[in-house]
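Inspection log for the structure reproduced underneath, given as structure tokens.
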Amino acid sequence: MSSDLPGYEQAAAVVSGYADQLLKRRPRIERVDLAAAAGRILAQPICADRDQPPFARSTRDGFACRAADASTHRFLHVAGATRAGEAPAGPLDPGAAWEIMTGAPVPAGADAVMMIEHVDVANRQVRLAPPRTVTQGENIVAQGAQAQEGDELLSAGTPITFAQVALAAECGYSAIDVFVRPCVAILTTGDELVPVDSAPGPGQIRNSNAPMLAAMVAAAGGEPWVLPAAADDASALDAALARAARADLLLISGGVSAGKFDLVEPALARKGAQFHFTGVRIQPGKPLVFGELPHSNAPTGQNENGTKCFFGLPGNPVSSAVTFLLFAAPILAALAGSLVSGPRFALAQLTKETSKHGKSGLTRFLPASCNFNPPSGQLPQVELVPWQGSGDLAALGRSNCFLVIPEEASRLESGAIVRILLP
């Protein structure tokens with residue numbers, strides 16, 4: 001019965017607890033060039049090799065000065081000039097100013113920079129145009145204001161994007177230590193599946209789940225390992241599970257419902273699997289299976305008990321995508337050593353009323369399209385994508401998020417503030 005299954009929050013807590021165990025065992029480390037580090041997880045902290053900025057730096061083109069002198073509006077003698085890249089000048093005499101460019105070091109003795117747009121210049125003299133004034137520190141970033149030498153700027157477990165690459169470069173790191181990507185075995189099952197480059201016969205479909213899950217695994221920081229599709233046959237499944245034993249995480253797509261040829265759970269049981277749950281009160285994705293396999297040969301994926309986890313994802317592609325984002329992605333993040341885990345949710349405003357169709361008592365995650373560039377002051381605007389059920393790849397392709405309809409909600413009104421699940 002659906003009421004006997006865990007709800008979404010309960011199942012998510014089980015997965016989160018398992019992820020916490022995995023984070024206690026950090027993956028192996030490898031060193032990569034900084035240019036190849038984007039998308040990886042930092043394994044060793046990044047520290048400042050000197051103060052940032054290493055000198056008091058001007059944030060504007062203009063004239064360095066003493067704020068008290070400039071605010072009198074008297075003309076100040078321009079004693080010199082400094083461009084970005086030149087050594088600091090100074091000290092600056094009282095009653096003088098120093099021409100300076102954005103990014104250049106501020107001369108000793110100056111405590112403000114007058115913007116070039118705000119001054120009058122004549123005969124190598126400059127004054128701040130009345131009635132403007134400047135204050136101490138204006139248009140200057142003090143030495144060490146951003147970071148001081150030796151400060152830890154990025155901790156191990158930080159996902160690396162363009163921003164972290166830039167920071168590492170500023171600190172002199174031409175190569176950095178990252179965690180080895182976890183190997184994720186992807187096993188699709190079903191007699192109806194044929195390879196993507198084959199022409200399906202009567203009753204057959206192309207295997208879309210394998211490339212979809214491989215793309216999702218890669219985007220989440222894993223190394224996808226796509227196994228040959230397994231037939232709906234006990235011996236074929238046993239052989240496929242044995243082959244996948246060296247992976248850090250196992251994703252099985254299909255064969256986890258209650259039909260005559262849904263043979264994945266018995267095959268896992270024969271391998272000694274411990275099942276944490278065999279269904280969740282969500283739609284799509286209700287038949288999701290989560291558990292552990294004993295005696296893994298994959299040290300990265302083992303928890304403290306020496307076991308490795310697996311997910312049995314429903315075979316319909318929208319179901320597989322939703323359950324991966326909700327449950328498998330947090331486990332994969334932990335295996336990758338990332339301190340950032342859990343599904344990504346955001347708030348949006350619903351543009352069209354929606355009724356909750358289908359069975360009651362289920363949290364629903366439905367394909368939706370969100371405009372993330374709404375008019376200023378408004379939340380992102382979201383609406384459902386028309387779909388024909390969890391096998392509708394056309395609807396999945398038109399969506400860029402999933403609208404979350406809470407278990408207790410019978411309908412959502414236009415204008416309602418809703419949660420969306422992000423890919």
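Keep in mind the model is a prediction, meaning the values are calculated, not measured.
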Point to revise | Minimum side-chain heavy-atom gap Leu167-Gln146 below 4.5 Å | key: no
Study note, to complete from the structure: Those residues at least two apart in sequence (or on a different chain) that pass side-chain contact (heavy atoms from CB on, under 4.5 Å) with Ala416 are Val418
Review point. Any side-chain heavy-atom pair from Leu249 and Phe311 closer than 4.5 angstrom?
Key: yes
Hey, can you pull the donor-acceptor pairs under 3.5 Å for the side chains in residues 149-160, sequence neighbours left out?
from: Asp151; atom 1: OD2; to: Gln148; atom 2: N; distance (Å): 2.8
from: Thr158; atom 1: OG1; to: Ser155; atom 2: O; distance (Å): 2.7

Point to revise | Side-chain donor/acceptor of Ser71 to backbone N/O of Ala68, under 3.5 Å | key: no
Revision key, fill the gap. To the nearest 0.5 Å, atom CG of Leu22 lies from atom CD1 of Ile331 at 5.5 Å
Review point. Under 30°, 30 to 60°, or over 60°: which ring-plane class applies to Phe310 and Phe275, parallel, tilted or perpendicular?
Key: perpendicular
Revision key, fill the gap. Note: Leu92 and Cys65 closest approach over all heavy atoms is CD2-CA, 3.9 Å
Table please: side-chain donor-acceptor pairs of residues 32-45 below 3.5 Å, with sequence neighbours left out.
from: Arg40; atom 1: NH1; to: Glu30; atom 2: OE2; distance (Å): 3.4
from: Arg40; atom 1: NH2; to: Glu30; atom 2: OE2; distance (Å): 2.5
from: Arg40; atom 1: NH2; to: Phe179; atom 2: O; distance (Å): 3.0

Point to revise | Working for side chain to side chain contact (heavy atoms under 4.5 Å, CB included), residues Thr59 and Asn139 | key: CA-CA 5 Å; Thr59 63; Asn139 300 321; 3.7 Å; yes
Revision key, fill the gap. Rounded to the nearest 0.5 angstrom, the CG-NE2 distance for Asp69 and His77 is 13.5 Å
Check your understanding: Atom CG in Asn209, atom OG in Ser319: separation rounded to 0.5 Å?
Key -> 9.0 Å
Check your understanding: Can you tell me if CZ on Arg31 sees more than 12 non-hydrogen neighbours from other groups inside 6.0 Å?
Key -> yes
Review point. Between Pro343 and Pro330, which heavy-atom pair has the shortest distance, and what is it?
Key: CD-CG, 3.9 Å
Side-chain donor-acceptor contacts of residues 95-116 below 3.5 Å, not counting sequence neighbours, with atom names and distances?
from: Trp98; atom 1: NE1; to: Thr82; atom 2: OG1; distance (Å): 2.7
from: Thr102; atom 1: OG1; to: Asp61; atom 2: N; distance (Å): 3.0
from: Thr102; atom 1: OG1; to: Asp61; atom 2: OD1; distance (Å): 3.0
from: Asp111; atom 1: OD1; to: Ala67; atom 2: N; distance (Å): 2.7

Exercise for review: Would you check if Leu325 and Met216 make a side-chain contact, meaning some heavy-atom pair closer than 4.5 Å?
Suggested key: yes
Point to revise | Gln143 side, atom CD; Ile140 side, atom CD1 - distance, nearest 0.5 Å | key: 12.5 Å
**Study point:** CZ-CZ distance between Phe365 and Arg419, expressed to the nearest 0.5 angstrom
**Key:** 7.0 Å
Show me the donor-acceptor pairs within less than 3.5 Å that the side chains of residues 368-378 make with the rest of the protein, sequence neighbours left out.
from: Asn371; atom 1: OD1; to: Asn373; atom 2: N; distance (Å): 3.0

Exercise for review: Any pair with a residue in residues 372-387 that passes salt bridge (charged side-chain N to carboxylate O under 4.0 Å, His left out), sequence neighbours left out, goes on the list, sorted by first then second residue, please.
Suggested key: Lys352-Glu383
Review point. Does any N or O in the side chain of Arg206 come within less than 3.5 Å of the main-chain N or O of Val196, such that one atom is a donor and the other an acceptor?
Key: yes
**Study point:** Donor-acceptor contact below 3.5 Å, side chain Asp177 vs main chain Ile29
**Key:** no
Check your understanding: Just by modelled atom types, is the Val78 backbone N or O under 3.5 Å from a matching donor or acceptor in the Arg124 side chain?
Key -> yes
Check your understanding: Is the side chain of Thr189 donor-acceptor paired with the backbone N or O of Ala230 at a distance under 3.5 Å, no angle test?
Key -> no
Practice item. Could you walk me through whether Tyr173 and Cys171 pass side chain to side chain contact (heavy atoms under 4.5 Å, CB included), step by step? Key: CA-CA 6 Å; Tyr173 289 80; Cys171 295; 3.7 Å; yes
Check your understanding: Hey, mind stepping through Trp225 and Val217 against side chain to side chain contact (heavy atoms under 4.5 Å, CB included) and telling me if it holds?
Key -> CA-CA 9 Å; Trp225 175 30; Val217 165; over 6 Å; no
Review point. So does Arg398 have more than 12 non-hydrogen atoms from other groups sitting under 6.0 Å from CZ?
Key: yes
**Study point:** pair Leu350-Leu403: side-chain heavy atoms closer than 4.5 Å
**Key:** yes
Check your understanding: Which atom pair, heavy atoms only, marks the closest approach of Leu335 to Asp248?
Key -> CD1-O, 3.9 Å
Point to revise | Pairwise side-chain contact, Phe327 with Leu313, heavy-atom cut-off 4.5 Å (strictly under) | key: no
Check your understanding: Any donor-acceptor pair under 3.5 Å linking the side chain of Lys271 with the backbone of Leu293?
Key -> no
Practice item. Show the numbers, then the answer: is there a side chain to side chain contact (heavy atoms under 4.5 Å, CB included) between Thr323 and Leu326? Key: CA-CA 5 Å; Thr323 50; Leu326 292 174; 5.7 Å; no
Review point. Can you list the steps and then say if Thr188 with Asn207 is a side-chain hydrogen bond (donor to acceptor under 3.5 Å, both in side chains)?
Key: CA-CA 8 Å; Thr188 50; Asn207 186 353; 2.8 Å; yes
Review point. Heavy-atom distance under 4.5 Å between the side chains of Asn123 and Phe75, does that happen here?
Key: no
Point to revise | Any donor-acceptor pair under 3.5 Å from Gln349 side chain to Gly415 backbone | key: yes
Review point. Can you check whether Phe402 reaches Val318 side chain to side chain, under 4.5 Å on heavy atoms?
Key: yes
Review point. Minimum heavy-atom separation for Arg83 to Glu86, with atom names?
Key: N-OE1, 3.0 Å
Check your understanding: When you measure from the side chain of Thr363 to the backbone N and O of Ile282, does any donor-acceptor pair fall under 3.5 Å?
Key -> no
Check your understanding: So how far is it from Ser399 OG to Leu421 CG, rounded to the nearest 0.5 Å?
Key -> 10.0 Å
Point to revise | Side-chain heavy-atom pair Val184, Pro224 within 4.5 angstrom cut-off | key: no
Review point. Is the side chain of Lys286 donor-acceptor paired with the backbone N or O of Pro314 at a distance under 3.5 Å, no angle test?
Key: no
Revision key, fill the gap. What one should report as the nearest heavy-atom pair of Pro228 and Leu187 is O-CD1, 3.6 Å
Practice item. Can you label the angle between the Phe290 ring and the Tyr18 ring as parallel, tilted or perpendicular, going by 30° and 60°? Key: perpendicular
Revision key, fill the gap. Here the pair of heavy atoms bringing Asp392 nearest to Pro386 is OD2-O, 4.3 Å
Check your understanding: Does CD belonging to Glu117 count more than 12 external heavy atoms closer than 6.0 Å?
Key -> yes
Practice item. Verify, without hydrogens or angle tests, whether His73 (side chain) and Thr133 (backbone) share a donor-acceptor contact under 3.5 angstrom. Key: no
